[in-house]
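Structure first, then comments.
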Amino acid sequence: MISRTVLVTGGTGSVGESIVRAFSAKGYAVTFQYLSNEPKAKILSQDTRATPIRLDFLSDFDLPPGGFDIVVNNAGINITSCLSHEVSIESWERTMKVNLFTPFQIVRSLLPEMMRKGWGRIINISSIYGLRGVEWNLPYNSSKHGLSGLTKTVAKEYAQYGITCNEICPGAISSDLMNRIATREGEQLNQSADDYLSEVAAAIPAKRLAKPQEIASLAIYLASEEAGYINGASITVDGGLVA
């Protein structure tokens with residue numbers, strides 16, 4: 001395999017960690033971004049030999065020089081649970097900054113070098129809520145719809161340079177983020193986080209949440225030579241929920 005360099009954002013989250021481990025196991029040279037979980041970043045780096053970089057996407061940041069062949073825009077936040085007229089400006093701006101503006105900044109900075117090489121893979125980790133509406137979560141829903149638009153526009157503009165841009169749209173994932181959502185939503189519904197997660201799983205045809213490794217496996221494929229003709233796709237990984 002040709003040696004490829006990979007950037008994974010949100011590398012210490014449940015999905016991000018699985019993606020870092022999967023690419024590292026395949027022999028890619030991986031760099032991963034993290035924000036605050038220094039202990040986990042050190043362990044992940046020791047286990048995989050991936051390079052950690054601490055970047056705060058709510059502030060100005062610079063990527064390491066030299067570019068990357070593959071980027072997985074995985075970092076994301078989901079911090080609201082209210083009706084649209086109750087959404088604070090701060091929540092809107094923070095969500096848009098991390099979930100949409102940051103992937104734009106990263107893709108914009110990496111595209112010139114990908115064009116020069118005539119090869120590149122951009123993989124955006126979106127959500128089924130980038131494809132459909134959801135109540136009580138306007139900033140997240142809007143940011144993921146925007147990410148879908150970014151994905152499809154970049155795919156059309158840069159296909160001629162050997163660059164693909166696709167998005168993975170998971171449903172509920174067994175992850176730290178989902179656990180935080182379950183705790184938040186459960187409190188509002190006067191139920192435990194476990195009960196909330198059980199109800200979520202019961203509504204999925206597969207009767208379970210996705211595993212982080214299932215997202216990572218698809219990312220590995222989309223980064224491969226074999227996936228070179230898959231471009232601009234929004235691929236759901238949701239156990240049949242939106243079928």
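Small disclaimer: the values here were computed from a predicted structure and weren't measured.
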### Task
Considering non-hydrogen atoms only, spot the tightest contact between Thr80 and Pro139 and give its length.
OG1-CD, 3.5 Å
### Query
Other than Leu35, what residues sit in its cluster of Ile, Leu, Val, Met, Phe, Trp and Tyr side chains whose heavy atoms are under 4.5 Å apart, directly or through others?
none
### Task
Measure across Ser127 and Lys144 and return the closest heavy-atom pair with its distance rounded to 0.1 Å.
CB-CG, 4.1 Å
### Task
Would you indicate whether the side-chain heavy atoms of Ser18 and Ile215 approach each other to under 4.5 Å?
no
### Message
Please determine whether residues Trp136 and Leu197 belong to a single hydrophobic cluster, defined as Ile, Leu, Val, Met, Phe, Trp and Tyr linked transitively by side-chain heavy-atom distances below 4.5 Å.
### Response
no
### Query
Does Ser45 use its side chain to pair, donor to acceptor, with the backbone of Ala41 at less than 3.5 Å?
no
### Query
Taking side chain as C-beta onward, heavy atoms only, is Ile235 less than 4.5 Å from Leu222?
yes
### Beyond-backbone contact of Glu17 with Gln213, side-chain heavy atoms, under 4.5 angstrom
no
### Message
For Tyr140, is there any backbone N or O sitting under 3.5 Å from a side-chain donor or acceptor partner on Ser143?
### Response
yes
### Query
With a 4.5 Å heavy-atom cut-off, do Thr9 and Val72 have their side chains touching?
no
#### Entry: Heavy-atom closest contact (Pro212 atom, Ser14 atom, distance)
CB-O, 3.7 Å
### Message
A side-chain contact here means heavy atoms from C-beta on lying under 4.5 Å apart; do Val20 and Val6 qualify?
### Response
no
## Note on the structure
Closest non-hydrogen atoms of Cys165 and Ala155, given as atom of the first, atom of the second and distance, are O-CB, 3.6 Å
### Query
With a 4.5 Å limit on heavy-atom distance, are the side chains of Asn124 and Asn166 in contact?
no
### Query
So, for Asp56 and Leu58, which heavy atoms are closest and what is the spacing to 0.1 Å?
OD1-N, 2.9 Å
#### Entry: Option passing ring-ring contact (aromatic ring centres under 6.0 Å, His included) with Phe23 (candidates Phe68, Tyr28, Tyr221)
Tyr28
### Query
Ile43: which other cluster members, linking ILVMFWY side chains closer than 4.5 Å, directly or transitively?
none
### Query
In terms of hydrophobic clusters joined by side-chain contacts under 4.5 Å, are Leu7 and Trp119 together?
no
### Query
Are more than 12 heavy atoms from other residues, nucleotides or ligands located less than 6.0 Å from atom NZ of Lys152?
yes
### Query
How about Lys42: does its NZ atom have over 12 heavy atoms from other parts shown lying under 6.0 Å from it?
no
Which atom pairs, one a donor and one an acceptor, fall under 3.5 Å between side chains of residues 91-98 and the rest of the protein, sequence neighbours left out?
{"unit_1": "Ser91", "atom_1": "OG", "unit_2": "Ser88", "atom_2": "OG", "d": "2.9"}
{"unit_1": "Thr95", "atom_1": "OG1", "unit_2": "Ser91", "atom_2": "O", "d": "2.8"}

### Side-chain heavy-atom pair Val30, Thr48 within 4.5 angstrom cut-off
no
### Message
Using a 3.5 Å distance criterion without hydrogens, assess whether the side chain of Asn78 forms a donor-acceptor pair with backbone atoms of Ile181.
### Response
no
### Task
Taking ring-ring contact (aromatic ring centres under 6.0 Å, His included) as the test, write out the residues that go with Phe57, two or more places apart.
Phe61
### Query
Quick one: salt bridge (charged side-chain N to carboxylate O under 4.0 Å, His left out) partners of Glu167, sequence neighbours excluded?
none
### Query
When clusters are formed by joining ILVMFWY residues with side-chain heavy atoms under 4.5 Å apart, either directly or through shared neighbours, do Ile70 and Phe104 land in the same one?
no
### Set of ring-ring contact (aromatic ring centres under 6.0 Å, His included) partners for Phe32, sequence neighbours left out
none
### Message
Would you say CZ of Arg208 has more than 12 non-hydrogen atoms from neighbouring residues, nucleotides or ligands within 6.0 angstrom?
### Response
yes
### Query
So do the side chains of Ile168 and Pro170 get within less than 4.5 Å of each other, counting heavy atoms only?
yes
### Query
Where the side chain of Asn137 meets the backbone of Ser81, is there a donor-acceptor pair that is under 3.5 Å apart?
no
### Task
Report the C-alpha distance between Glu185 and Gln191 in whole Å, list the side-chain angles of each, state the deciding distance to 0.1 Å, and finish with yes or no for side chain to side chain donor-acceptor pair (under 3.5 Å).
CA-CA 8 Å; Glu185 298 297 320; Gln191 63 181 174; over 6 Å; no
